[in-house]
Protein chains: 2
Amino acid sequence: MTETDATDHRILTILQKNGRITNAELAQRVNLSASACHRRVQRLEQLGVITGYAAMLDRRSLGRPTTVFVEITLSGQATELLEGFERAVRAIPDMLECHLMAGTADYLLKLVVRDTEDFARIHRQYLARLPGVAQMHSSFALRTVAETTALQL
Amino acid sequence: MTETDATDHRILTILQKNGRITNAELAQRVNLSASACHRRVQRLEQLGVITGYAAMLDRRSLGRPTTVFVEITLSGQATELLEGFERAVRAIPDMLECHLMAGTADYLLKLVVRDTEDFARIHRQYLARLPGVAQMHSSFALRTVAETTALQL
DNA sequence: TTTGAAAACGAAGTGCG
DNA sequence: CGCACTTCGTTTTCAAA
C-alpha cells in the first residue's frame, strides 16, 4: 500500500498509455533525472506492479469485431466440477475473460469473434462441450461504448 | 480490409505478449532481417493494426482487486436517451468497459474497485445518478479465472 | 543511502547499394 | 531487401550531497 507514491502513480499513468515511451522522455515528464526514473520503473517491474508490456491491436483490422458475453450456470458447486469446467474453458480460442461470479456459481465469459457464424462454430465446438453446465446464455455486444485496461490512479 | 500475412501474425502474437522486445530479437524469432522486421512493425503501426503499447499493471498491488459487472436497462431506446446515458457513463472512474448489448437495449459495464464499500460509494455518486435508467443489477466477480487482451491469430 | 552526470554500450532508424 | 552507418537511448559506473 505505501509501497508506491504519487510519483510512481504518475509514471504508471503515463506507461499505461504509452508503454514504449523512452526513459529519457518519461523522466522529463515526471521531473526526475533519467537514472532516478529508470530506477523507479525497474523497482515497479520487480515488485510486480508492472506485470509486462503489450502491443494493443485493433480487433476490427484483424477480423474480430464482435464481442460476446456468455453466462453459464453449473449443475453444482463441487470443487471438482469447477476445476474441470475451468480447465475446459481455458482451451477456448478467443476467450478473453472468464470470471467466477458471486451468487449462483455463475461464470461470465467474454469472447471476441469474427461474426455470428464464427460464434456458432465456437459454440458447437467448445461451449456446447463444456462439462457440468446446467444453463448457458449468450449476449452479443452491438457497440462498444468504452473499452480500456488503464487504471485510474 | 487490411492485408496481413502469416509473418505479420507471428510478429503480432509476440508483440502482444512482449511489447518491449527489441527489434533485433523480434527479427530473429520470426526469421527476418532486422530491417525487414522493423519495416513490418512500422507498417502495422501505420495501418492502425497496432494501436499502441501499454504497460500492464497488477490491480491487486494497486488496490483495485475487485471486478464488478453492472447490467443496466434504459427506460427507452430514443437516440437522445442513449447519448445522454453514454455521456454520463464515460465520467465514471474505474469504469473499464461499457457495451451496448443486443436484445433489450441493455448496457453492460465493467468496473474495478477497491472493495464493496468503494463500490457503494461509486454507486451512490455515479451509477445511481445515471439518466434514463429503468433497471440496474450489479454482480461481483469472486475470482478471475482468465483475463487477457491478447487475440489469438 | 540516494542522486545526478557522464561514459560505454547497444539498439533503432536511415540511406544506399 | 539487406548492409552499414549515424543517431539516439539505455544502463552502468562513479562521485558528491
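Computed from heavy atoms alone, side chains included, the values below leave out hydrogens, waters and symmetry copies. Convention: sequence-line order gives letters A, B, ...; per-chain numbering from 1.
- Of the residues in residues 24-38 of chain B, B/Ser33, B/Ser35, B/Ala36 come within less than 4.0 Å of DNA chain D through at least one heavy atom, sorted by number.
- Remark: the B/Arg39 side chain and the C/dG13 base include no donor-acceptor N/O pair separated by less than 3.5 Å.
- Taking each heavy atom of B/Thr149 and A/Leu96 in turn, the nearest pair found is C-CD2, 4.4 Å.
- If you measure from atom CZ of B/Arg40 to atom C1' of D/dG2, you get 14 Å, rounded to the nearest angstrom.
- Heavy atoms only, all atoms of each residue included: A/Val49 and B/Ser61 are closest at CG2-CB, 3.9 Å.
- A salt bridge is absent between B/Asp94 and B/Arg114: the closest approach of a Lys/Arg side-chain nitrogen to an acidic carboxylate oxygen does not fall below 4.0 angstrom.
- When the P atom of C/dT14 is taken as reference, atom CG of B/Asn23 falls 12 Å away, rounded to whole Å.
- Under the side-chain hydrogen bond (donor to acceptor under 3.5 Å, both in side chains) criterion, the residue pairs touching residues 132-143 of chain B are A/Glu86-B/Arg143, with sequence neighbours excluded.
- With respect to A/Glu3 and A/Arg43, no salt bridge is recorded, no charged nitrogen being found less than 4.0 Å from a carboxylate O.
- Rounding to the nearest 0.5 Å gives a distance of 3.5 Å between NE2 of A/His99 and CZ of B/Phe69.
- Atom CD of A/Gln42 and atom P of D/dT10 are 12 Å apart (whole Å).
- In this entry the distance linking CZ of B/Arg43 with P of D/dC1 reads 11 Å, nearest Å.
- Rounded to a whole Å, the CD1 atom of B/Ile21 is 15 Å from the C1' atom of C/dA12.
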